[in-house]
Every structure is written in C-alpha cells, then in structure tokens.
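Here is how names work: the chains are called A, B, and so on, in the same order as the sequence lines, proteins then strands, and each is numbered from 1.
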Number of protein chains: 2
Amino acid sequence: MTTEPNTPDAAESSRSEHVPDSDTVTPVMEDYLKTIYELQYDRDGAVWTSRIADSLEVTPPTVSSMLEKLERRGLIHREKHRPVTLTETGENVALGVIRNHRLLETFLADYLEYEWDEVHAEADRLEHYVSDQFVDRLTAMLEHPSSDPHGDPIPDEALAAPTRSWIRLSEAEAGVSHRVERVRADGERLRYLADCGITPGVPVEIVERTPLESVEIAIESDPDHEPNSQVLPKRACERILVGPLPGNN
Amino acid sequence: MTTEPNTPDAAESSRSEHVPDSDTVTPVMEDYLKTIYELQYDRDGAVWTSRIADSLEVTPPTVSSMLEKLERRGLIHREKHRPVTLTETGENVALGVIRNHRLLETFLADYLEYEWDEVHAEADRLEHYVSDQFVDRLTAMLEHPSSDPHGDPIPDEALAAPTRSWIRLSEAEAGVSHRVERVRADGERLRYLADCGITPGVPVEIVERTPLESVEIAIESDPDHEPNSQVLPKRACERILVGPLPGNN
DNA sequence: ACAAATAATTAGCCTAATCAAATATAATAG
DNA sequence: CTATTATATTTGATTAGGCTAATTATTTGT
C-alpha cells in the first residue's frame with residue numbers, strides 16, 4: 001500500500017509520454033499525510049496549516065499548495081481557512097507509511113543494534129522507499145510484531161492498528177504501580193527519558209504530585225535494586241502511557 | 001560516504017536561506033555516477049552521452065545537462081563531444097553507492113529470502129537512502145561479506161574493491177572444469193541462467209564450441225547427479241566469470 | 001462593533017530533473 | 001574534400017517541491 005516505486009521493468013518500458021502522474025503519491029505527499037494523521041489522532045484534534053508547517057519544518061504557503069494538491073488527488077477534505085481531515089484513501093496511505101516506519105524501527109533496534117533514540121531518523125527516510133514485498137518479508141522475519149521499540153502499535157497488513165487502552169502516567173493513581181507501555185517523544189527528550197530508565201515494560205509509580213505541575217515518580221528499572229526516584233514535569237508524564245502491571249492487578 | 005541526507009536535527013535548524021546546495025550529491029546524481037563507473041569499468045571503456053542515456057532510460061539532452069552539473073560539482077571530467085571520465089571524488093561516490101547496493105542485495109537474499117533475480121530492483125532504490133551508520137551496522141550483521149549473491153565484489157569501508165582475477169567462461173579451455181564466480185546479468189536473462197543452474201559456486205565446463213558463436217557447456221549443479229548440458233550463445237558466456245575449481249587445479 | 005492581531009492564501013520566483021524540437025559538431029562515405 | 005549521417009548540445013517547456021512578500025480571512029480584545 002506504499003510507494004512501490006515505478007518499476008519500468010518489462011522490456012523497452014514507457015519513458016517519454018510526459019505523464020502528469022495524477023494518482024502517484026510521492027514520498028513528500030506521504031510525509032504530509034502521515035503528519036496530518038498524527039496531528040489528528042495523537043494530539044488534540046484539529047489540523048491547521050500552521051501545525052503541519054511546524055511539524056514538517058516548511059513554510060505555511062508550501063503547506064497550502066501541497067494541501068491543494070492532496071485535495072485534488074482525493075486524499076484530504078479541505079475548506080478554506082478550516083482544518084483539514086484525511087479521506088479514507090488518505091488515511092490508508094498514512095497508515096501504510098506508519099506501518100513501514102514502525103517495522104523499520106523494530107528492525108533497526110532488534111537486528112542492527114540501533115539505540116532506542118537513533119531509530120527514528122533512519123526509519124523516517126526509509127519508510128518511503130521500501131516496497132510492499134520488502135515490508136512483507138520483514139514482518140515475517142520479525143515475527144509479526146505488534147509494537148515498535150517505543151511501544152507504538154504497528155498496523156497489520158490490512159492497516160488495522162491494534163487498539164489497546166493505555167492511560168497517561170500523569171493520570172495514574174498515586175501509589176499504584178503501572179507498567180510503561182509507550183513513550184511518545186523523540187530526540188533529546190527521548191534520550192533523557194531512556195536515561196531515567198523509562199522504557200516499555202518497566203514498572204513505574206507516582207509518588208507525589210507537586211503543586212508546581214511536576215510529578216515525582218519511582219522507576220523500577222531493575223527488579224533487584226531499589227526504585228529510582230525522579231521528578232518530571234506533568235507535560236512529560238502525559239506522554240508516557242502506562243497499563244496495568246501484570247500480576248499486580 | 002553516501003547520501004546521509006540532510007539532517008536539520010539541531011534545534012531551529014536552517015530552513016529558508018535558499019541554498020544553491022553546491023556540494024550535495026542527489027540520489028539522481030548518484031545514479032549517473034554509478035552508471036558512468038559501470039560503463040567505464042565493466043564494459044569496453046569509453047562513456048558516451050548516449051550510452052548513459054540508454055542505461056538510465058532517459059534522453060540524451062537530459063544526460064547532457066546532468067553532465068554539465070556533475071562537471072561543475074567536480075565529479076567528472078568532460079570535454080564537449082568526448083566521452084566522460086570520473087574524477088577521484090566522483091569515483092568514490094560511485095563506489096559508495098555500489099557498496100550500498102551489493103550489501104543490500106546480500107541482506108535481501110540472506111535474510112529476507114529474496115530470489116536471486118529479485119534483489120536488484122529493491123537494492124537499486126534503497127542504495128540511495130541508507131545512512132553510513134545503517135551500512136556499517138549491516139556489514140557487521142552480514143559479517144563483512146566480500147561478494148554479493150551474484151558474485152560481484154563488495155568494496156570495503158575504505159571503498160577498495162577486492163580485485164580478484166576471473167576469466168570469462170567463453171575463454172575457458174574446453175574440457176576443463178571451472179567454478180562459477182560471478183554472473184553479470186539481470187532480470188529475465190539472470191532468471192534464465194539461474195534456471196539452468198548457473199549460480200556462483202557451481203562447477204561448469206565447456207564441452208564444445210560450435211562454429212555458430214554458441215557454446216555447449218556442462219553444469220554440475222548437484223554433485224550427486226550427472227551434469228546438466230546446455231547450449232548458450234557466446235555473448236552469454238562472456239558474462240559468466242569463472243575461476244579455478246578448488247581441488248581440481 | 002470594530003480595530004488589532006493572527007493565520008491562511010495568492011502571486012511570483014527558484015532549483016532539480018525531465019522531455020521534444022531545433023541546432024551544432026564529428027565521423028564517414030563517395 | 002565535400003555531403004550525409006550519427007551524436008551531442010542548446011533551447012524552451014513541464015512537474016514537483018520549496019521560499020518570500022503581499023494580500024485576505026478570521027479571531028479577539030476592548
């Protein structure tokens with residue numbers, strides 16, 4: 001469902017003919033669709049031109065003209081000066097790219113010994129250039145993983161995202177231990193959290209909420225040692241998703 | 001030494017500034033350089049505009065304008081209406097791409113169960129988008145292979161191609177068994193040769209040369225069975241490279 | 001209710017890569 | 001030593017993606 005780039009393959013292929021290529025989705029378009037999807041579902045709702053511009057590090061006019069193109073291709077719904085939404089087609093393209101991304105991240109971490117915070121940049125590029133065949137074979141090799149190294153769910157071949165219900169660490173009850181399921185951050189922030197021991201699978205517990213929008217938590221990275229205590233801003237705890245601790249229900 | 005695409009990374013990176021980008025090598029440029037390298041070393045010498053156009057399936061004017069750009073970037077030497085040659089820089093770029101290509105082919109065949117003739121197309125795309133880090137880790141995982149599934153030598157990290165001396169099967173002495181080392185073909189032709197049992201490692205022997213520019217050969221794909229006999233055109237045998245059969249010197 | 005501030009769009013231009021048509025150059029055949 | 005032919009290059013367009021500056025909508029604060 002992704003790029004599957006032009007395979008001129010068969011003897012004396014096309015060339016010439018100046019195809020306006022009205023239904024090809026380019027890598028850049030894929031990036032826009034993925035960004036729209038993430039803004040729509042992962043943060044709070046409405047997807048405005050300027051939010052897309054910020055995420056992709058381009059200027060608003062650039063986004064405007066791309067949105068026009070995406071609308072003509074039937075990939076988004078748009079009204080002037082209103083937030084955009086994905087069509088079903090557009091959402092499927094986005095999910096395909098996200099699937100590629102998360103599978104690649106898993107591969108990089110499991111087979112190429114990439115660090116937790118290094119996988120993102122590499123996957124962000126390759127996600128647009130791997131063929132469906134490559135992705136199929138890769139999932140088989142990885143034994144059909146359901147989540148990537150950050151705990152993000154990997155859509156299956158039919159693009160159905162395994163929905164599970166996590167809560168935000170910021171909303172967990174104080175004094176109750178939970179298991180880290182997902183850490184939604186990248187770059188420096190991600191590295192910092194990893195250094196604190198916050199990675200999927202680790203038990204954490206809120207010790208105390210301060211009146212200053214920060215939260216003291218206890219992290220049990222290593223079951224044999226005493227928990228590591230850490231004070232994090234509430235905003236950071238909102239991006240750490242946790243679930244029930246198995247055996248400690 | 002390859003792409004390592006723009007990593008705006010650090011906070012509030014470039015954007016704007018309208019960089020004419022005078023020393024970036026684009027994926028397309030990499031393709032031209034790789035093609036020039038292959039035409040220069042793998043076939044008979046002189047690299048003309050139209051040969052490049054044929055290989056890349058673009059028109060001669062397109063090649064002309066790209067060659068001008070490559071010359072300005074210091075990647076090729078060129079005089080009007082003369083064949084081009086690579087500068088040292090240009091050759092290094094080409095070798096880097098070839099290294100990426102052959103390593104990817106090896107990975108696809110060894111880990112993702114790609115067929116011998118399927119690896120090329122996938123590697124041809126990905127070769128431009130993998131980072132140096134990716135390639136380094138991949139070589140480690142593959143245990144520093146010295147040749148790809150077709151027997152083509154893989155340049156090492158310093159881009160030195162392991163030179164070995166093969167002879168063409170077409171030039172081998174009749175009645176003497178040799179070992180297939182390299183099969184220089186792609187697509188349909190490659191698939192056909194594979195079906196005949198001609199893959200690296202297999203012992204072959206010229207049975208008889210006909211006066212019609214074709215050659216009868218015996219192929220011992222399976223040591224337990226009797227050799228498979230096949231008549232191939234001489235042109236095909238020129239692209240099958242063989243070496244001495246170990247133990248039968 | 002209206003001016004000020006904020007956000008989106010339009011207009012016009014740029015680079016990379018491509019093509020077709022026209023032109024120029026080199027090679028070769030009389 | 002010209003005339004024909006095969007190549008190469010130049011010219012002028014096109015498409016994709018991007019930018020700046022100017023303009024237009026929308027939202028907000030008084």
Could you walk me through whether A:L86 and A:L75 satisfy the side-chain contact (heavy atoms from CB on, under 4.5 Å) test, starting with their C-alpha distance in whole Å, then the side-chain angles of each, then the deciding distance to 0.1 Å, before giving a yes or no? CA-CA 6 Å; A:L86 295 172; A:L75 297 162; over 6 Å; no
Report the nucleotide, chosen from [options], that has the shortest atom-to-atom distance to any side-chain atom of [X].
| X | options | answer |
| --- | --- | --- |
| A:H81 | C:dT25, D:dT26, C:dA17 | D:dT26 |
| A:T26 | D:dG18, D:dA16, C:dT9 | D:dA16 |
| A:K80 | D:dT9, C:dT9, C:dA17 | C:dT9 |
| A:K69 | D:dG17, D:dT20, C:dC19 | D:dG17 |

Using 30° and 60° as the class boundaries, would you call the ring planes of B:H150 and B:W116 parallel, tilted or perpendicular? tilted
Can you see which heavy atom on B:L190 is nearest to which on B:D117, and at what distance?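 Where B:L190 meets B:D117 most closely, the heavy atoms are CD2-CA, 3.9 Å.
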Atom-pair distance ([atom1] on [X]; [atom2] on [N]), nearest Å:
| X | N | atom1 | atom2 | value |
| --- | --- | --- | --- | --- |
| B:E68 | C:dA17 | CD | C1' | 14 Å |
| A:M66 | C:dA8 | CE | P | 17 Å |
| A:I52 | C:dT9 | CD1 | C1' | 14 Å |
| A:W48 | C:dT9 | CH2 | C1' | 14 Å |
| A:I76 | C:dA8 | CD1 | P | 13 Å |
| B:R78 | D:dT9 | CZ | C1' | 9 Å |
| A:L67 | D:dA16 | CG | P | 16 Å |
| A:L70 | D:dA16 | CG | C1' | 12 Å |

For [N] and [X] - does any side-chain N or O of the residue sit under 4.0 Å from the phosphate oxygens OP1/OP2?
| X | N | result |
| --- | --- | --- |
| B:R72 | C:dA16 | no |
| B:S50 | D:dA8 | yes |
| B:R82 | D:dT9 | no |
| A:Y32 | D:dG18 | yes |
| A:T59 | D:dC19 | yes |

For A:Y111 and B:F134, I'd like to know if the aromatic rings sit close, meaning centre-to-centre distance below 6.0 Å.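 For A:Y111 and B:F134, the ring centres are not under 6.0 Å apart.
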NA contact type, [X], heavy-atom cut-off 4.0 Å: base, sugar-phosphate, or nothing?
| X | answer |
| --- | --- |
| B:T49 | sugar-phosphate |
| A:S65 | nothing |
| A:T62 | base |

Backbone of B:V119 reached by a side-chain donor or acceptor of B:E122 within 3.5 Å: no
Any salt bridge linking B:D124 with B:K34? Criterion: basic side-chain nitrogen under 4.0 Å from a carboxylate oxygen. yes
Closer to the 5' end of DNA chain C via nearest nucleotide, is it A:P61 or B:P61? A:P61
